[in-house]
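Take a look at the structure below.
Below, chains carry the letters A, B, ... as their sequence lines are ordered, and counting in each starts from 1. The shown structure was predicted, so the numbers you read here are calculated from the model rather than taken from an experiment.
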Amino acid sequence: MNKKVLEVNNLQTHFFTDSGEIPAVDDISFFIEEGEVLGVVGESGCGKSVTSLSIMGLVPKPPGEIVGGEVLFRQHGDKEPQNLVKLSQKQMRKIRGNQISMIFQEPMTSLDPLFKIGFQITEGLRRHRKMSKKEAARKAVELLELVGIPRPDAVADEYPHQLSGGMRQRVMIAIAMSGDPEVLIADEPTTALDVTIQAQILELMKRLNDEQGTAILLVTHDLGVVAEICHRVVVMYAGKVVEQGDVRTILKDPKHPYTQGLIRSLPKLSNRDKRLYSIPGNVPKPGSIRTGCRFAARCPHVFDRCVKEDPELLNLKEGHLCRCFLYDENGGVADDSKATAES
Amino acid sequence: MLAYTIRRILMLIPVLIGMSLITFSIIHLIPGNPAQTILGEQATPQAIAQLEEQLGINEPYLVQYFDYIGGLLQGDLGQSLRTNADISNEIWPFLAATIELTIFAMVFAVIVGVNAGIISAWKQNSLFDYGAMLVALIGVSMPIFWLGLMQQWIFAQELGWLPAFGRGNPRDPVETTTHFYLLDTLLSGRMDQFWTSFRHLILPGVALGTIPMAIIARMTRSSMLEVLRSDYIRTVEAKGIPKLSVVYRHGFKNAVIPVLTIVGLQTGTLLGGAILTETIFSWPGVGRYVFDGIGNRDYPVIQSGILIIATMFVFINLIVDLLYSYIDPRIKY
Amino acid sequence: MTVKPLLKVNNLKKFFPLKGGVFGKQVGEVKAVNDITFEVYEGEVLGIVGESGCGKSTAGKSLLRLIEPTDGEIIFDGNNVTDMTKEEMRKMRRDMQIIFQDPYASLNPRHNVEKILGEPLLVHGIGDKETRKEKVKEILEIVGLPGEHASRYPHQFSGGQRQRIGIARALIVRPRLIVCDEPVSALDVSIQSQILNLMEDLQEEFNLTYIFIAHDLSVVKHISHRIAVMYLGKIVELASNEDLYKEPLHPYTQSLMSAVPEPDPDVSKDRIILEGDVPSPSNPPAGCPFHTRCPSVMDVCRTVTPEFREIKANHFASCHLYNEENTTAEKAD
Amino acid sequence: MRGPEYQEPQVSIPEPASPWKEAFRQLIKNKLAVVGMFIIGFFILIAVIAPLISGYHFSTISGAGRLEGPSASNWFGTDDLGRDIFTRIVYGARISLMVGFFAVIGALVFGSLLGIIAGYFGRWIDMVISRIFDIMLAFPSILLAIAIVAILGPSLQNALIAIAIINIPIFGRLVRSKVISIREEEYILAARAQGMKNGRILFHHVLPNSTAPIIVQATLGFGTAILEAAALGFLGLGAQPPTPEWGRMLSDSRQYIQSAPWTVLFPGISIMLVVLGFNMIGDGLRDALDPKMKN
Amino acid sequence: GGNDGGNDGEGDVDTNENATETNDSEEGEDGGDEASQPAEDQTLIFARGGDSVSLDYASVTDGESSRVTQQIYESLLTFEEDSFEIGPGLAEDWEVADDGLSYVFTLREGVTFHDGTDFNAEAVKLNFERWADPDHEYHFADEGYAYSVYGTQFGGFQGDEGHVIDEINVLSDYEVEFVLNETLGSFLQNMGMSYFSMTSPAAFEEYGSEINENPVGTGPFQFVSWSRDDSIVLEKYEDYWQEDLPKLDSVIFQVIPDNSARLTALRSGEIDIMDGLNPDDLEALEGEEGITTFERATNNIGYLGFNADKEPFDDPEVRRALNHAIDKETLISVLYAGMAEPAKNLIPPDYLGYNDEIEPYEYDPELAEQMLADAGQEGLEMDLWTMPVARPYMPDPERAAEVMQANLSDIGVTANIVSMEWATYLEQTEAGEHDIFMLGWSGVNGDPDYFFGNLLHSDAIPGGNRTFYRNEEVDSLLDQAKTSIDEDERAELYMEAQELIHEDAPMIPLVHSIPVLAGSERVQNYVPHPQTSEPLTEVELSE
Ligand SMILES: Nc1ncnc2c1ncn2[C@@H]1O[C@H](COP(=O)(O)OP(=O)(O)OP(=O)(O)O)[C@@H](O)[C@H]1O
Ligand SMILES: Nc1ncnc2c1ncn2[C@@H]1O[C@H](COP(=O)(O)OP(=O)(O)OP(=O)(O)O)[C@@H](O)[C@H]1O
Ligand SMILES: [Mg+2]
Ligand SMILES: [Mg+2]
């Protein structure tokens with residue numbers, strides 16, 4: 001079994017706003033192994049971005065704050081993992097962009113419009129590695145080549161607005177890859193892109209994962225993307241992990257009613273059902289439901305206990321976890337659920 | 001870029017014509033006969049009639065206007081009715097005094113305002129933020145003439161730290177070439193005079209600069225807050241760049257455009273709005289020159305003064321516009 | 001499905017002027033919609049897919065003359081929409097409605113739901129106050145919202161609920177044709193299926209005709225009877241749902257389909273990954289607009305714009321690959 | 001099919017909260033804005049009940065009690081004509097508030113009208129109106145005000161007119177830009193798609209949505225107008241004696257700043273407080289109504 | 001202006017004197033001087049509220065201009081240090097023909113202009129002709145020059161009917177004759193006015209119409225520089241004809257518009273003399289270490305005039321009643337801090353023919369109210385016009401109006417204060433639009449005719465007579481006094497006129513203000529002249 005590079009344990013990130021405390025990330029645990037692509041899926045507002053920002057130590061503060069849990073990062077060669085949550089901002093800066101880097105959803109707005117591409121790619125490097133200007137310039141071109149940008153020399157001398165969305169996202173990846181990170185966190189890297197461009201970027205990420213062995217935490221809401229590139233998947237709902245497992249299990253044999261519903265409600269290219277399945281109700285904001293299963297209000301199998309108690313994340317089988325009262329420890333169907341559960 | 005500059009300058013022409021027309025109409029709507037004003041209560045009707053004749057103020061307005069514009073095109077601003085002096089010669093020292101004061105005030109306002117704004121945004125909701133923004137709020141609410149009076153009273157009269165009036169020590173007049181005292185004293189190598197002139201600038205400069213400072217601080221803060229929340233700043237943060245560099249290099253550069261706009265607008269306002277400060281601090285500037293001109297019904301003086309101020313204002317904004325494209329590569333005209 | 005065309009669009013064009021230069025003259029144009037022709041039959045759903053910026057929205061808005069088309073002909077139910085006066089057009093709007101992509105931007109934040117939904121009735125003079133109120137309640141229930149919500153304001157609804165309001169607004173005047181401009185792309189997956197189902201139900205219930213615009217091929221495929229694929233302002237392929245999926249003719253359609261990721265790890269596809277980006281519509285390439293990225297590009301593609309022709313029965317495409325003389329050449333490859 | 005009966009997971013929102021009520025709720029959460037409202041409320045109160053709270057008349061001259069310091073009988077002392085400064089400040093509140101109110105209303109009405117015309121009709125009308133605004137704004141406002149007062153003659157009423165005039169382009173531009181930007185909003189497109197006429201779109205959709213920034217500007221404009229009136233008063237171009245206008249009181253007393261500082265202190269503080277109050281409310285309103293609007 | 005006068009300096013004494021002085025100032029640095037010892041730096045800074053308009057003395061009338069031109073220029077005759085008593089100036093001697101139609105002036109020899117050229121009879125002729133003759137090459141009418149004082153004092157300009165100077169004859173290099181076509185009682189007084197002083201003919205040649213910025217005279221100081229609205233710098237004219245004078249090395253006229261800033265500057269020693277002291281500050285200054293005050297003899301009148309053409313002010317009884325209503329003492333204490341005399345006549349007390357026998361109308365509100373009632377004017381309401389600008393005789397007209405408004409309301413009269421732009425004010429009062437109005441008058445040459453003739457003679461309607469007072473008897477008394485050249489006879493006539501005027505009460509004479517200046521105690525020999533300005537020839541700074 002591979003080593004875990006990054007381990008998130010019971011992470012809690014809350015926002016303290018005028019309208020009260022919002023537990024955007026509410027007791028989340030998962031890990032990434034070396035060279036692995038882990039997908040985090042979930043609908044808008046369920047806390048995916050906040051999770052990734054928490055790992056990076058970039059939660060906007062105020063109003064956000066990590067109120068509990070730890071983020072263990074095991075650097076290559078190190079025995080003892082570091083708890084990133086405990087590090088000072090200064091120590092964090094050494095890790096950010098160097099050992100862990102991140103790319104964002106909006107390629108159109110994620111690059112500083114006033115600086116040249118070349119500068120932006122190597123800004124972090126020059127800081128972390130004390131590179132000379134010349135070296136940095138060469139490295140920038142190298143990285144642009146790596147992410148498959150045509151005319152890398154010219155592009156390094158251009159400004160972001162001169163590039164298309166796909167190119168910019170490649171540049172973002174180049175920036176992220178500049179420090180040879182062990183973990184790359186990609187927060188919805190293709191959501192804003194067209195399908196044809198998305199295919200290019202996914203291809204690129206796959207290649208980097210293969211060739212450089214970089215572990216990737218891929219945040220997305222698109223199960224298609226997950227199927228395409230991820231090895232394992234974490235499904236989030238309203239700030240909580242509801243299901244976790246390898247990609248085949250999650251997509252082919254999901255256990256949690258939410259995951260099931262999600263997959264069934266997708267229109268698919270290959271078969272045209274007359275009617276889509278749909279999960280009723282709305283996606284709740286984290287914090288709007290305080291007790292019971294967060295999904296209870298929309299769940300077709302809901303029964304009394306769901307509303308009263310918080311379900312635990314159960315290990316159904318090796319590496320497949322699910323947070324639902326329908327199941328018991330061993331992946332069987334729990335007794336009390338049978339009464340109300342319909343098929 | 002060049003095309004844009006040319007277009008902008010061409011676009012100024014109707015504005016300038018409109019301005020001159022409005023100024024001209026306004027001043028001729030002002031009641032009161034310049035001849036009577038100049039001669040005062042002890043003048044005889046004959047003397048007034050004679051003076052009117054000589055001043056040429058009995059001509060039809062349009063004739064006067066075209067005379068004026070004709071002269072203007074040849075760089076002739078006309079003559080003051082009161083002093084008979086050529087305005088083009090006479091106005092420069094006033095203008096220089098105002099420009100020097102304005103620049104000083106603006107430099108003060110920009111340095112203090114921008115940094116206060118940046119730090120406030122950086123340390124949002126900190127004690128500094130609250131303090132600075134409260135001060136800024138009071139700053140924009142302060143009647144400038146009252147602030148000036150209070151400063152003069154406290155720092156010049158009660159404490160005696162700084163001179164209360166004028167541009168320099170009257171006993172030791174500055175040898176003027178450019179009429180910018182700081183420059184003139186440097187040119188003549190008189191460091192003592194330079195220091196004196198500088199000290200004279202402090203009170204009026206600070207009084208004049210306080211309101212723009214407050215406005216700039218508020219603007220910088222809100223602009224910075226927006227920028228600091230933006231995606232690309234998060235990217236820079238994710239690269240592990242030190243906060244100072246994030247805030248000043250990336251943050252401020254991106255936040256600077258609205259700040260620059262305000263600086264441009266405020267500079268224009270200061271140029272004309274210095275009347276009050278100039279009166280309080282006996283600063284021989286162009287605001288007072290025009291204000292006195294109004295009092296004296298000195299048409300050419302009012303006309304030229306306002307036109308020059310407005311033209312400068314318009315050009316400052318042009319420069320600001322052009323600066324945008326220098327700072328922001330996305331703006332190409 | 002009847003075979004009567006409800007809407008005929010002939011050679012529709014929309015070019016946006018590009019301004020620049022010293023005098024702000026037009027220096028070019030964005031060919032957002034560049035000569036498209038199609039028909040929509042009563043009761044059918046015509047899907048339009050294409051990547052961002054290919055002109056889908058522009059086409060949709062031009063159909064309703066919310067944007068004045070540059071050229072072309074739109075015939076709705078035998079009436080030439082392009083020739084109508086303003087007032088005729090206004091009346092016409094009862095029959096042709098639109099649903100927008102952004103459920104946040106398309107509802108007036110200052111109006112409550114009752115006003116939003118009641119206003120279309122009012123301007124078309126339908127019913128009195130009471131009946132309008134009734135109708136609002138009725139339509140709300142139809143789109144799956146409690147009637148009491150009528151007094152609420154848009155900000156009190158979630159995205160999906162807002163989109164339901166948008167649909168209700170389009171529906172309340174009982175139109176015959178609704179242009180749906182990406183009605184689900186801003187929504188979450190679980191909400192998206194709700195809205196898609198709702199729209200399907202409504203279509204059957206009220207015998208509506210939809211022009212359904214989306215960039216998501218699987219969504220379009222799910223809801224449409226026929227699909228038009230757009231690229232750079234042109235329709236490159238138009239066929240029935242089944243035909244298009246079974247046998248995409250145009251290389252662009254083929255690569256688009258292969259690029260759509262399926263949420264099924266077992267479906268393994270031969271991906272055709274296109275090179276580069278979509279060219280700018282202000283400077284479209286000569287010849288076939290797709291030739292810069294086409295995997296099977298030929299010399300003729302670079303110079304000659306392919307004709308939009310019926311290649312198989314009811315299956316249209318514009319590609320040189322299917323020209324008589326080229327077919328053999330291609331096969332030989 | 002729709003799922004089984006599900007209860008909406010709603011955080012209980014009190015029923016129909018119009019954007020205005022929503023904004024008001026936001027506003028009263030803002031501490032500074034509340035302080036501002038108290039300040040303005042206070043000044044309005046003393047302005048209204050002025051005759052009740054002071055035993056003097058604002059123009060009662062007493063040669064004997066000149067330039068007396070603050071005392072139990074004259075809370076803020078007396079001025080050079082022996083008039084009670086407190087009384088004059090209290091009556092002065094009437095003047096300042098009135099000037100602020102009418103100048104802003106005037107500028108608002110005319111500015112909005114021009115702005116709507118320019119923004120809505122566009123083309124050459126917009127060109128002409130915008131150029132006029134440009135030209136007016138190119139003049140330093142205080143100079144323009146001075147010139148206008150010079151034409152009309154110095155008086156409170158004329159100062160008010162001048163202030164209204166110089167503020168017209170500020171409101172005009174704001175309204176114009178709002179109208180133009182709102183015209184591009186999707187809900188306006190939607191309204192057109194519903195078959196609404198231009199007039200209806202303008203009055204039911206465009207205008208209600210531009211009110212927020214206008215209200216904010218108007219509130220801040222109160223402060224500016226009061227400052228401008230005081231500046232004109234200070235230059236002797238505003239209210240004429242014995243009207244107890246604060247700016248005028250300041251300039252009349254400035255020669256006594258050393259011997260009798262209270263004569264200068266209190267009018268200045270009053271101006272500052274009122275303006276501060278309006279600015280606080282304005283800032284609060286901006287945050288509450290239109291968080292994106294800057295400056 | 002250029003300074004070539006220094007080298008042309010003749011006379012050993014002068015040069016010696018210079019040498020010693022320079023020595024003094026160079027060596028004095030370490031020498032501990034006594035208190036009364038002259039200071040080493042003889043630069044006097046005179047601070048004032050406004051700048052000069054022009055340095056061509058005759059073309060401007062404002063006091064601030066003449067304050068400077070007094071130092072640069074001299075006229076043929078001069079006034080006594082502190083009165084309008086006439087004495088020799090550039091003319092050593094003068095002779096009047098018996099018929100009063102010819103005056104011969106004998107000029108001082110050896111006087112040079114600052115540009116080194118000689119002062120002589122030709123220069124006198126040229127200067128006078130320049131003013132009198134609109135076609136004269138140095139008249140500069142097209143450049144906007146106007147010589148209104150000349151017109152006023154000599155009855156107009158060449159070609160005008162009333163112009164009294166018929167011709168000017170150069171009898172010799174140093175003798176010049178003025179031939180008049182009618183007698184003028186104030187002719188000699190006029191010759192003492194600083195307006196009629198001598199500019200170098202060579203300077204006209206050189207500077208043309210820019211003479212206003214390049215003054216060249218014979219006075220004790222010569223022009224160095226002028227930065228507008230800021231300062232004018234003058235320096236000692238080394239070849240000045242009065243030996244050992246001036247004592248100052250240079251004089252700087254500094255503009256500080258704000259009264260209190262000016263006082264601060266004085267206290268801090270940045271300036272030496274300041275004009276326009278707030279009367280209220282006077283008390284504070286008394287006994288203040290190092291600061292002294294100078295009172296200028298009064299030379300003006302501030303009055304409240306009635307419009308005798310309007311009801312009810314055409315009724316002398318009403319006018320007299322209102323005369324009793326105004327409390328001049330309060331006015332003086334509130335507005336002038338005591339630095340004014342209550343007025344009962346039109347002319348200031350030191351003037352020729354001042355009638356001290358006149359019993360002033362006492363302040364008596366009850367009597368006033370009674371008299372008004374008797375005249376049938378109860379509940380009288382009127383507009384009280386007040387000037388928008390401060391004048392020498394009325395430092396704060398609007399406040400004064402407020403005080404009088406209060407006085408009037410005490411007797412049941414409602415006065416609405418009306419103010420308008422200054423020129424308009426003057427035009428409208430001249431046109432008789434007002435009910436009652438405030439205004440004043442300042443003397444220029446110490447001659448009573450300048451007051452009476454301009455303010456109360458019916459010939460001055462329309463014009464200076466804004467009360468529309470017409471009394472033929474008074475007119476004829478004034479006419480006789482004007483042309484007479486016998487001082488005693490003139491005094492007699494004026495006394496008589498004043499009695500009639502007092503009885504008719506066309507105005508309420510309010511005050512003769514006493515301008516106060518403050519200065520450092522270092523300033524020696526400074527004597528303010530009633531004329532509002534004075535040469536600083538004798539002034540000296542002590543340590
Ligand atoms: N700055 C903030 N202030 C207050 N609440 C916040 C803030 N940022 C995030 N949240 C809350 O955290 C929750 C999770 O947000 P997050 O951005 O992680 O969602 P997400 O899963 O990334 O959604 P999306 O798919 O839209 O990107 C949101 O519902 C929001 O209420
Ligand atoms: N008002 C306009 N002025 C100028 N160009 C425009 C305008 N509106 C659209 N365009 C241009 O026309 C082209 C087509 O735009 P359109 O909005 O129709 O694309 P779309 O297919 O709807 O894209 P999306 O999927 O992003 O909504 C784009 O290049 C766009 O930049
Ligand atoms: Mg996110
Ligand atoms: Mg679109």
Side-chain angles (χ1 to χ4, degrees), chain A residues 49 52-53 55-63 89-117 119-129 157-162 168 171-172 175-176 178-179 181 184-185 187 192, chain B residues 1 118-130 133 220-261 320 322-333:
Chain A
S49 297
S52 15
L53 292 176
I55 297 171
M56 293 294 282
L58 286 178
V59 179
K61 184 183 169 181
Q89 275 295 316
K90 211 169 166 187
Q91 288 167 310
M92 238 357 251
R93 286 183 197 287
K94 294 224 176 73
I95 292 180
R96 277 209 291 264
N98 198 12
Q99 281 128 20
I100 307 180
S101 44
M102 183 160 177
I103 53 181
F104 300 97
Q105 173 169 0
E106 269 300 330
M108 302 312 271
T109 56
S110 290
L111 289 168
D112 191 330
L114 307 187
F115 291 87
K116 289 183 176 167
I117 299 294
F119 173 87
Q120 297 197 49
I121 290 179
T122 51
E123 189 183 9
L125 265 190
R126 283 171 60 190
R127 202 52 81 165
H128 296 303
R129 306 274 156 88
D157 223 28
E158 283 176 2
Y159 287 96
H161 72 275
Q162 291 164 289
R168 284 189 220 184
V171 170
M172 280 300 293
I175 293 175
S178 67
L184 171 67
I185 301 175
D187 187 358
Chain B
M1 179 76 192
I118 291 178
I119 297 172
S120 281
W122 176 359
K123 309 274 181 203
Q124 195 191 356
N125 297 337
S126 68
L127 222 60
F128 179 91
D129 181 24
Y130 289 131
M133 285 307 115
T220 308
R221 178 176 180 270
S222 72
S223 177
M224 277 298 283
L225 279 179
E226 201 177 307
V227 168
L228 288 181
R229 274 195 289 260
S230 70
D231 290 350
Y232 49 84
I233 290 298
R234 210 173 41 184
T235 307
V236 179
E237 289 266 22
K239 284 192 274 193
I241 306 300
K243 193 78 186 183
L244 198 73
S245 178
V246 174
V247 170
Y248 273 86
R249 193 203 285 249
H250 291 272
F252 183 60
K253 195 168 178 189
N254 276 285
V256 83
I257 285 192
V259 177
L260 209 59
T261 313
V320 166
L322 297 181
L323 267 181
Y324 293 165
S325 68
Y326 174 76
I327 292 168
D328 190 340
R330 286 169 299 184
I331 302 175
K332 48 173 198 282
Y333 296 111

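Contact tally against chain B (heavy-atom pairs below 4.5 Å) for A/Leu111, A/Ile185, A/Leu125, A/Ile103: the top residue is A/Leu111. Put simply, of A/Met102, A/Glu106, A/Glu123, A/His128, the one with the most heavy-atom pairs under 4.5 Å next to chain B is A/Glu123. Highest contact tally toward chain A, considering only B/Ile327, B/Asn125, B/Ile241, B/Val236, is held by B/Ile241 [criterion: heavy-atom pairs under 4.5 Å].
No side-chain donor-acceptor contact under 3.5 Å links A/Gln120 to the backbone of A/Ile175. No donor-acceptor distance shorter than 3.5 angstrom exists from the side chain of A/Ser110 to the backbone of A/Pro107, with no hydrogens or angles considered. A/Arg127 places no side-chain N or O within donor-acceptor distance of the main-chain N or O of B/Pro242, the cut-off being under 3.5 Å. Listed for the A/Gln162 side chain is a donor-acceptor partner under 3.5 Å among the backbone atoms of A/Tyr159. Of the possible donor and acceptor atoms, one in the side chain of A/Asn98 sits under 3.5 Å from a partner among the backbone N and O of A/Lys94.
Proximity to chain A is absent for every atom of B/Arg229, based on heavy atoms less than 4.5 angstrom apart. Using a 4.5 Å cut-off between heavy atoms, A/Met172 contacts chain B through its side chain alone, with no backbone atom that close. For A/Asp112, the parts lying under 4.5 angstrom from a heavy atom of chain B are both the backbone and the side chain. Using a 4.5 Å cut-off between heavy atoms, A/Pro60 makes no contact with chain B at all.
Note on ring orientation: taking the six-membered ring where Trp is involved, the planes of A/Phe115 and B/His250 are tilted (angle from 30° to 60°).
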